[in-house]
K.L.:
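There's a structure below that I have some questions on.
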Number of protein chains: 2
Amino acid sequence: MIGRTVVATTQAGVADVRSRRREQTRTEILEAAWGLSARRGIAGLSLRELAREVGMQAPSLYTYFDSKAAIYDAMFAAGYRQLDVALADIEPSDDPVDAIATAIEGFIAFCAANVPRYQLLFTRAVPDWAPSPAAYAVSVASYERMTALLADIGIERQEDIDLMTALSSGMAAQQLANDPGGDRWQQLSRDAAEMYIAHVRSRP
Amino acid sequence: MIGRTVVATTQAGVADVRSRRREQTRTEILEAAWGLSARRGIAGLSLRELAREVGMQAPSLYTYFDSKAAIYDAMFAAGYRQLDVALADIEPSDDPVDAIATAIEGFIAFCAANVPRYQLLFTRAVPDWAPSPAAYAVSVASYERMTALLADIGIERQEDIDLMTALSSGMAAQQLANDPGGDRWQQLSRDAAEMYIAHVRSRP
DNA sequence: GTCTATACATCGATAGAC
DNA sequence: GTCTATCGATGTATAGAC
């Protein structure tokens, strides 16, 4: 009985180690994928190059991901989880203008920190790929956490939420496209927040 | 003498016809390119498929364009010229809110009317391609015409212009990404314009 | 689990006949 | 100006040895 228990424990332990190694390798592959995408654009990601980057041959990648689409899917979900972390990091404020200004500034910083991630999450830059239902669900959850934050400062009308997403995404898009590496739009975050809050408050 | 004159005229006429045919074929190729991009995305454009679409073999395209990049370049410049036409079509208004609302709505409609054109002009969706200096100059001219329109209604500060481009591009981006074919953000154009004008007027 | 080898398609672009 | 033929490379994916 003792022997069987020991054996079972050992097998579980080995499986556990293997599972952890596997997950670690998957993470390593994804990080290399972000790095390559930064050079070639998110749509220019190549499996041969990706394999070379992590010291494998291309076919070995299929041990960890079913397809290239599965890699994009994992990147997409990871990107949204990172967005959640970034949004959670924003210190709450009683002042709505403060809260919105910090949120917009944080969002621009998030997008600027990793351009291919921005492309993957918020544009349709990858031909012939769309997030799987599972990956899409992660993005929906993220959106709902964002609307919860807005609700905290009394913003709940759909039009106001839509205006907020448009403003944020537009600020980020302009920053990345027309002043990459700079802060021309980022420094307008408070300006934009004042504009937005004044408008929301003026509702009938 | 008469003979020589006639011959010269005839040769000029032939050259003229050839030049016009050539330009016509170039236009036909570009239009087919927009059509294909609508199916595969702007980054998914293929020369073989494009050639098939216009009834040629792929190498024949090189008679009309030096490279695939040259095709993207021509599309980029043509797209900005179309944007100018769309903006010129906007009826001027003495009411700033009217003017801005119409401009935003028109811009969203322009982007929604041709998604690959939006991708090519306003995102970096094509890997390993950027507009040539000549094509980029066309976009700068277009931007300057836009700022001239804003100046007409008293908006001249760079921050206000930057806020306007962010708002417009964000509204269009959200419309295309999250409600393609609908009008969820387009119908917020007046709302956005009121927000923007109220803010600009509140400047110290 | 990783490798070599390879299948099979497609890509942009060029050479040279007609 | 258009064609056929082809180059060299890349793409994703699979088979089978070790």
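Chain naming here is simple, since letters A, B, ... match the order of the sequence lines and numbering starts at 1 in each.
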K.L.:
Under 3.5 Å, which donor-acceptor pairs do the side chains of residues 101-114 of chain B form with other protein atoms, sequence neighbours left out?
P.N.:
residue : atom : partner : partner atom : Å
B:T102  : OG1  : B:D98   : O            : 2.5
B:N114  : OD1  : B:R117  : N            : 3.3

K.L.:
Please collect all salt bridge (charged side-chain N to carboxylate O under 4.0 Å, His left out) contacts where either partner lies in residues 48-63 of chain A, sequence neighbours excluded, each pair once.
P.N.:
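The answer is A:R40-A:E49.
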K.L.:
From the set D:dT4, D:dG1, C:dT2, return the single nucleotide nearest to any side-chain atom of B:T63.
P.N.:
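Closest nucleotide among those given: D:dG1.
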K.L.:
Taking all non-hydrogen atoms of both residues, which atom of A:M195 and which atom of B:Y196 are closest, and how far apart?
P.N.:
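Minimum heavy-atom contact is SD-CA, 3.9 Å.
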K.L.:
Round to a whole Å and report the spacing from CZ of B:R18 to P of D:dG1.
P.N.:
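From B:R18 CZ to D:dG1 P: 7 Å.
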K.L.:
Would you please indicate if the ring centroids of A:F76 and A:Y72 are separated by under 6.0 Å?
P.N.:
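Centroid distance A:F76-A:Y72: not below 6.0 Å, so no.
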K.L.:
If every non-hydrogen atom of A:D179 is compared with every non-hydrogen atom of A:R184, which pair is closest and at what distance?
P.N.:
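Result for this residue pair: OD2-N, 2.9 Å.
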K.L.:
How close do B:Q175 and B:Q186 get, heavy atom to heavy atom, and via which atoms?
P.N.:
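The pair with the smallest heavy-atom distance is OE1-N, 3.1 Å.
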K.L.:
Return the minimal non-hydrogen interatomic distance between A:S37 and A:I42, and the atom names on each side.
P.N.:
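Scanning both residues completely, I find the closest heavy atoms to be OG-CD1, 3.6 Å.
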K.L.:
Below 4.0 angstrom, which residues in residues 22-33 of chain B have at least one non-hydrogen atom near DNA chain C?
P.N.:
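Correct list: empty, so none.
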K.L.:
Using a 4.0 Å cut-off on heavy atoms, which residues in residues 125-133 of chain A reach DNA chain D? List them by number, or say none.
P.N.:
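Heavy-atom contacts with DNA chain D come from no residue of residues 125-133 of chain A; none.
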K.L.:
Just the rounded figure in Å: distance from P of C:dT2 to CZ of A:R52.
P.N.:
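One finds 18 Å between P of C:dT2 and CZ of A:R52, rounded.
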K.L.:
Go through it in stages, so that I can follow the logic: the residues are A:H199 and B:D191, the test is side-chain hydrogen bond (donor to acceptor under 3.5 Å, both in side chains), and I'd like the CA-CA distance, side-chain angles, deciding distance and then a yes or no.
P.N.:
CA-CA 9 Å; A:H199 179 69; B:D191 211 15; 2.9 Å; yes
K.L.:
Quick one: what's the B/S/- string for nucleotides 11-18 of chain D, heavy-atom cutoff under 4.0 Å, read 5' to 3'?
P.N.:
BBBB----
K.L.:
For B:A177 and B:P180, which heavy atoms make the closest approach, and how far apart are they?
P.N.:
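Looking at all heavy atoms of both residues, the shortest contact is O-CD, 4.1 Å.
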K.L.:
Any base atoms under 4.0 Å from B:F65, or only sugar-phosphate, or nothing? Heavy atoms, all strands.
P.N.:
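B:F65: no heavy atom of the nucleic acid under 4.0 Å.
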K.L.:
Could you tell me how far apart B:L61 (CG) and C:dG12 (P) are, to the nearest whole angstrom?
P.N.:
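Spelled out: CG on B:L61 to P on C:dG12 is 10 Å.
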K.L.:
Specify the closest pair of heavy atoms between B:P96 and B:I197, including all atoms of both residues, with the distance to one decimal.
P.N.:
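Heavy atoms only, the tightest pair is CB-CD1, 3.8 Å.
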K.L.:
According to a strict under-4.0 Å criterion, is B:Q57 in side-chain N/O contact with OP1 or OP2 of D:dT2?
P.N.:
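So the side-chain polar atoms of B:Q57 never come under 4.0 Å of the phosphate oxygens OP1 or OP2 of D:dT2.
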K.L.:
Please tabulate, for the side chains in residues 55-64 of chain B, all donor-acceptor contacts under 3.5 angstrom to protein atoms that are two or more places apart in sequence or on a different chain.
P.N.:
residue : atom : partner : partner atom : Å
B:T63   : OG1  : B:S60   : O            : 3.1

K.L.:
According to a strict under-4.0 Å criterion, is A:S60 in side-chain N/O contact with OP1 or OP2 of C:dC3?
P.N.:
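So the side chain of A:S60 is within the cut-off, an N or O lying under 4.0 Å from OP1 or OP2 of C:dC3.
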